[in-house]
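Below: one structure, written as structure tokens.
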Amino acid sequence: MITPAFELTQDPDFLTIKIRVPYARASEFDIYFEGEDFKFYAKPYFLRQLTLPGRIVEDGREKASYNADEGTFTIQLPKENPGQYFEGLDMLTSLLAPKKSRSAKPLVEEMAASAELSEDNEEEFDWEVEQIPYEESTPPLQHPYGFGNLRSGVFQRLQDELSDVIDIKDPDQTPAEERRRKRLAAEAAKFEPDHYLADFFEDEAIKHLLKYKPWWIDAHKKMTALQGESHQEHDSPAFVVFSEEEREQMRKFTNKSYLLDKRSRHHVYLGLIDILLAYCYEICVNEGDKNVESSWNIRKLSATLCWLEVSFSSIHDVLVSFGRRVLCYPLYRHFELVTRAFNDTVMILQLGKAAVLKCLLDIHKIFMESDPAYILNDLFITDYCIWIQKVKSKKLAALCESLQKTMLSKSHMGLELEELEAAAVLVQEEEKALKAAGTVSKQQLLCSESETSDSEESSSTSSSETEGSDSDEQESSTSEDGEINSFQGTLQEERTAPLIDCNGLRQGTNTSAVEVGDGKSKVSLQSMTPGKLVEELEMQIHSAMRLSEQPEGLATAGCISQEQEENPVP
């Protein structure tokens, strides 16, 4: 027989059961309900028995319909007490549980041996060989672990295969206190101040992750908005919806009961908080997406899963353990992520056991898809998924209230975070001051260099100007000296050599041009007429006589005038 997929909903007057039976014969089906029991059969599907959280009655208002396209039966059953709220309709595993026996008879009885089983029918033994029947020894649980501390000896047989799942070596031989001591030492050795400070100062990625809103935030807002509208007790199914895959997971679980003493129940509740904190961190940093590191994140951040921790004495111990591991192991190590996971866990617990179950089912799926981590489902998660469906809502609300009142700060981590941050801030301020001083000195150096270059340029400019003026003066003096010397040379030549022959040409020289005036303009003798040439020479002689201070000039002038008188020019 096949257990069909089904779901239950309710309104104030009716309980509605929707059963999916594809390819079943709609003409052949049986429905039975009475009080808290419900049964359904449609070959080959059989819903053997649902134990309902409230009573239903057959009074003629019941209805049943079949949708051939979808292959679903929809059955409406009237409530015995209209307006009663049936709690836990999403807890499918607990609904499939058989009704508890109300018989007063003992569960185990000793039956009298039948007369047929007498000594005559026993097998013959070889009396010469002593035979001892094999008895499987079950050693006591010296150092238990797992859900409710109900397991032991698992890792003794599978130590090599499961060494990557947990951090503790040989947990079957390690007492709880020694596990705790080794865990604290491993966390202290793993803590890296540089990594923490890098995430503390460069927190842009952290701020982006903190903006992500998982599904429970919207559900919590809806619950808060509707809290004051009705005085009836509402559980999270009004705000939490299970997918078909999650319903299938619940149907596959084998229902069972757990006999836990007070101490074990205490550890189970604290372990639940520890696992939920790690799960909330994983959802936040990956923004709801699953990857190959999801399984590692959850089990690494939970001391319950990674170190099989069973020595938690309070909720504060759980929070400190989770906070230390967040700051030591994952990629993002920021205290704000610890606070965010804490707040998310509070919201999940406030939504009720349906929200907790939905998270546990997701963890179960993540571990099932991870090869080494599947064993943690057998040790913890599967039992948590079954147990949470039977937990009273009042117990979960009390746990949530205690968690909400617990305070956690950086000083509780035992890693000197505040001192480390203060020292880093001082170093940062000193670096800023040194950088500012270096900038000022660099600017001063640049200014001094620019001033030096300016002074050098000005001095070079002034020197060049001085040299230019000197050169100009030298040139002007040279030109003046040249002019005077040229006149003096001309006079010397005129004193020592006859100037003009009878034809009006200069004698004793091959020069055909004479410098006139200031020495710049040249007059061609050949191009001039004799009369003009004489007049020009006369003017040059008179000017030379005025400049010359020697008395020979007068004699020279006299000779020239006498010569002109003796040889008049035609």
Side-chain angles (χ1 to χ4, degrees), residues 167-168 177 179-212 214 270-271 273-287 293 296-307 309 311-347 402-435:
D167 287 350
I168 185 174
E177 290 302 323
R179 292 180 204 168
R180 179 184 180 87
R181 181 177 56 81
K182 289 183 177 180
R183 173 178 65 83
L184 295 175
E187 292 168 356
K190 184 63 177 177
F191 179 69
E192 298 177 4
D194 293 342
H195 193 146
Y196 172 76
L197 291 176
D199 286 353
F200 178 76
F201 287 106
E202 301 174 3
D203 58 350
E204 291 81 7
I206 307 296
K207 291 179 179 178
H208 173 74
L209 295 176
L210 292 174
K211 294 178 181 178
Y212 174 71
L270 295 180
I273 293 176
D274 189 35
I275 295 171
L276 288 178
L277 287 169
Y279 174 73
C280 291
Y281 175 92
E282 152 63 21
I283 294 297
C284 180
V285 297
N286 287 319
E287 299 179 294
E293 296 295 330
W296 185 90
N297 279 338
I298 295 174
R299 70 174 187 264
K300 199 72 174 180
L301 299 182
S302 171
T304 300
L305 301 177
C306 193
W307 281 87
E309 182 66 69
S311 60
F312 291 137
S313 59
S314 64
I315 295 177
H316 188 265
D317 286 350
V318 177
L319 295 177
V320 170
S321 171
F322 169 73
R324 286 171 59 91
R325 299 188 73 78
V326 167
L327 301 178
C328 292
Y329 290 101
L331 176 62
Y332 300 108
R333 307 177 185 181
H334 201 283
F335 192 77
E336 286 296 325
L337 294 173
V338 179
T339 305
R340 171 63 184 272
F342 170 81
N343 294 330
D344 286 351
T345 303
V346 170
M347 289 185 190
S402 299
L403 175 62
Q404 201 169 6
K405 292 179 180 179
T406 306
M407 303 300 295
L408 185 69
S409 65
K410 294 180 180 180
S411 60
H412 296 149
M413 299 295 101
L415 299 173
E416 298 181 351
L417 300 180
E418 295 173 338
E419 293 81 356
L420 192 64
E421 293 172 7
V425 169
L426 290 176
V427 172
Q428 196 175 40
E429 291 177 353
E430 290 179 359
E431 290 179 352
K432 289 181 179 179
L434 291 174
K435 186 180 293 185

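These figures come from a predicted structure and were not determined experimentally.
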State plainly whether the residues R183 and E187 are in salt-bridge range, i.e. N to O under 4.0 Å.
yes
Do NZ/NE/NH1/NH2 and the carboxylate oxygens of R179 and E309 come within less than 4.0 Å?
no
The test is side-chain contact (heavy atoms from CB on, under 4.5 Å); show your working for S402 and K405 and say whether it passes.
CA-CA 5 Å; S402 299; K405 292 179 180 179; 6.0 Å; no
Distance from L184 atom CG to W307 atom CH2, nearest 0.5 Å?
9.0 Å
From CA spacing to verdict: side-chain contact (heavy atoms from CB on, under 4.5 Å), L408, F342:
CA-CA 9 Å; L408 185 69; F342 170 81; 6.0 Å; no
I'd like to know if the side chain of N297 and the backbone of P330 have a donor-acceptor N/O pair within less than 3.5 Å.
no
Kindly say whether M413 contributes a backbone atom to a donor-acceptor pair with the side chain of R324 at under 3.5 angstrom?
yes
Pairwise side-chain contact, L331 with V285, heavy-atom cut-off 4.5 Å (strictly under):
no
For F335 and S409, work out which heavy atoms get closest and say how close.
CZ-C, 3.7 Å
To the closest 0.5 Å, what do you measure between CD1 (I273) and CG (L403)?
5.0 Å
May I ask you to check whether over 12 heavy atoms, not counting those of E192, lie within 6.0 Å of atom CD?
yes
Any Lys/Arg nitrogen of R325 or D167 sitting under 4.0 Å from an Asp/Glu carboxylate oxygen of the other?
yes
For D274 and A303, which heavy atoms make the closest approach, and how far apart are they?
OD2-N, 3.1 Å
Begin with the C-alpha distance, continue with both residues' side-chain angles, and end with the deciding distance and a verdict on side-chain contact (heavy atoms from CB on, under 4.5 Å) for E293 and K300.
CA-CA 10 Å; E293 296 295 330; K300 199 72 174 180; over 6 Å; no
State, to 0.1 Å, how close P193 and L420 come at their nearest heavy-atom pair, and which atoms those are.
CB-CD2, 3.7 Å
Drop me the distance from Y196's OH to E421's CD, to the nearest 0.5 angstrom.
3.5 Å
Which distance, rounded to the nearest 0.5 Å, do you find between the CG of L301 and the CD1 of I275?
12.5 Å
Treating S321 as the side-chain partner and D317 as the backbone partner, does any N or O pair qualify as donor plus acceptor under 3.5 Å?
no
Please check: side-chain N/O of D344 versus main-chain N/O of C280, any donor-acceptor pairing under 3.5 Å?
no
Are the side chain of H195 and the backbone of C328 linked by a donor-acceptor contact shorter than 3.5 Å?
no
Mind checking the CD-NE2 spacing from E202 to H334? Nearest 0.5 Å is all I need.
11.0 Å
Work out which heavy atom in F201 is nearest to a heavy atom in Q428; give both atom names and the distance.
CE2-OE1, 3.4 Å
Whether F322 and Y281 hold their rings parallel, tilted or perpendicular, with breakpoints at 30° and 60°
perpendicular
Output for pair (L277 CG, L319 CG), nearest 0.5 Å, gives 6.0 Å
If you take all heavy atoms of F191 and L417, which pair is closest and at what distance?
CZ-CD2, 3.7 Å
Main-chain N/O of R333 paired to D199 side chain as donor or acceptor, under 3.5 Å
yes
Backbone N or O of T339 within a donor-acceptor pair of the N343 side chain at under 3.5 Å?
yes
Donor-acceptor pair, side chain of R340 and main chain of L210, under 3.5 angstrom
yes
